[in-house]
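Below you'll find the structure I mean.
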Amino acid sequence: MSGSALYETFARAPLSFERGEGSWLVTADGQRYLDFAGGIAVNSLGHAHPRLVAALTEQAAKLWHVSNLYEIPGQRRLGERLVEATFADKVFFTNSGAEALEAAIKTARRYHYVNGNPERFRTITFEGAFHGRTLATIAAGGQAKYLEGFGPKADGFDQVPFDDIDAAEKAITSETAAILLEPVQGEGGVRAFPAESLRRLRALCDKHGLLLIFDEVQCGVGRTGKLFAYEWSGVAPDIMAIAKGIGGGFPMGACLATDAAAAGMTPGVHGTTFGGNPLAMAVGNAVLDVVLEEGFLDEVSRKSLLMKQGLAGVADEFPDVIEEIRGTGLLLGIKCRVPNAKMNAALRDEHLLTVPAGDNVIRLLPPLVVTDEEIRVALDRIRAGAAALSAAPVAAAG
Ligand SMILES: *Cc1c(COP(=O)(O)O)cnc(C)c1O
C-alpha cells in the first residue's frame, strides 16, 4: 500500500476541516478559511445552516430510508414545488449530478423510442462541457483526459465547439435525439451561452423534433441570481438535470422534464435505490424554503454586483495576474494570466478557498448567504494573493 488506503484519484490540498460555520471552514487547530469553493457549488446556504440542520436532524429521528417501493411524502412535496417553480411537469430524484444526467439522457432516448423513432438516440454536446464521471457522462462531456483508458467511448454523443450553433445544426442527423448543454459551463471556465444562442438552439430543437436538455447541476438553485440560470434567457428546456446546490451538502440530484419529454419513462424502465430518500428530501425542501423566500434571489444579484465591482478593481490593479472577470450571480470566474493552480494556491495561502476551472480560470462560489463583510474580506485576500504573484512593485498593491 502506498500512502493512504484511498484511491489516488484526487489531488487533495493538505488541509482538513473539523467544522463549518456559514461561509467559514475551521481546522482542528482553529485556523479559519473563508470558503468560496463551497464544496464545488454545493454548500448553497453555507455550512451548518440552522434551517438545514433542523430539517435533517428532525427527519433523522423519524425515518431515514424506505426505498421507492413506497410513497415518500417529502419527495412528492419537493417534486410538486420544483414543478411549480419551473418549466417541468415531472421529476425523478437521484443521488448525484451524473445520475441526474444519466436520467436526462435516458429520458430523451426513451421519448423517441416510444414515439416510434428508436434510431434517434444521439445527443449533441459542446466542447468544454462537464456532465459527470460515469461512462455515459464522460462520453457526453467529451474531454479526452476523462475518457482515456476507460475503453471505447460510449456511443451516442457528438460534440461541437462551444457556442457554435451553426456546427450544432450541421451535426443533426436522423439519429439525433437531443442537444445537451450547461447554460453556464462551470468546470469549463464559467462560460455562459449567450441568450441568443439558447434561443437558436431551442428553435433548432423545435424544427427537428429534438429535446433540449439543460445541465443546471452547477448553475441552478439560485447560483446565478435566478432559481435556474435558463430563466435569464427565457428559453425553457424539455429536460433539466440539477444536483449540487439543491442538497446544500446532502448528496442529491433530480431530473426534471415536461410531460411530453417524460412520456417514455413508464413503470419499471428506470430506477434508483437511494434517490429521493426521506433525509435528502427533508434537506432539499429546506433549501427551497430559504432560496424561495421573498427577496433572497435579489440579494444574490446584489452581492454579485458587489463582488464583480471589487474584482474589477483588483483586476485593474494587477493586469499581469488577472485577465478578465466573468460570470453571473455568485458563479464568478477570474481568468488568470498566471497559471490558475498558482493563483488557487496563493489564495489558499491567504485563507481563501476557491476552485480552479478550465480556460485558466479560478471559480468563486461563495454560499448564497455570504455577507457583505465576508465579500470585503474575500476581495482583500484576492488583492493580497494577486499581489504575491504580481511582477509589479509591492507598492502597487496599495
Ligand atoms: C458537478 C457536475 C456534474 C456531476 O455531478 P456529480 O454529483 O459529481 O456526479 C454534472 N454537471 C455539471 C454541470 C456539474 O457541475
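Because the structure is predicted, anything quoted here is derived from the model rather than measured. Below, each value reflects all heavy atoms present in this structure, side chains not excepted, and no hydrogens, waters or symmetry copies. When a residue number appears, it is its place in the shown sequence, counting from 1. Each ligand, and each atom within it, is numbered from 1 in the order the structure gives.
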A cation-pi test, strictly: NZ or CZ of Arg122 under 6.0 Å from the centre of the six-membered ring of Phe157 and no more than 45 degrees from its axis. Yes or no?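 Arg122 over Phe157 ring: no.
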
Residue pair Arg223, Glu216: steps toward the salt bridge (charged side-chain N to carboxylate O under 4.0 Å, His left out) verdict: CA-CA 10 Å; Arg223 183 52 59 187; Glu216 292 223 18; over 6 Å; no

Given a heavy-atom cut-off of 4.0 Å, could you list the residues near ligand 1 in chain and number order?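 Ligand 1 pocket, heavy atoms under 4.0 Å: Ser96, Gly97, Ala98, Phe130, His131, Gly132, Glu182, Asp215, Val217, Gln218, Lys244.
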
Asp163 and Ser197: side chain to side chain donor-acceptor pair (under 3.5 Å), yes or no, with the steps? CA-CA 7 Å; Asp163 194 30; Ser197 298; 2.5 Å; yes

Does the ring of Phe318 carry Arg383 above it, NZ/CZ under 6.0 angstrom from centre and within 45° of its axis?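 Because its charged atom misses either the 6.0 Å distance or the 45° angle limit, Arg383 does not stack over Phe318.
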
Hey, are Glu119 and Ser174 close enough side-chain-wise for a donor-acceptor pair under 3.5 Å?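 No donor-acceptor contact under 3.5 Å links the two side chains.
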
Any residue meeting side chain to side chain donor-acceptor pair (under 3.5 Å) with Glu80, in chain and number order, not counting sequence neighbours: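 Checked Glu80 against side chain to side chain donor-acceptor pair (under 3.5 Å); zero matches.
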
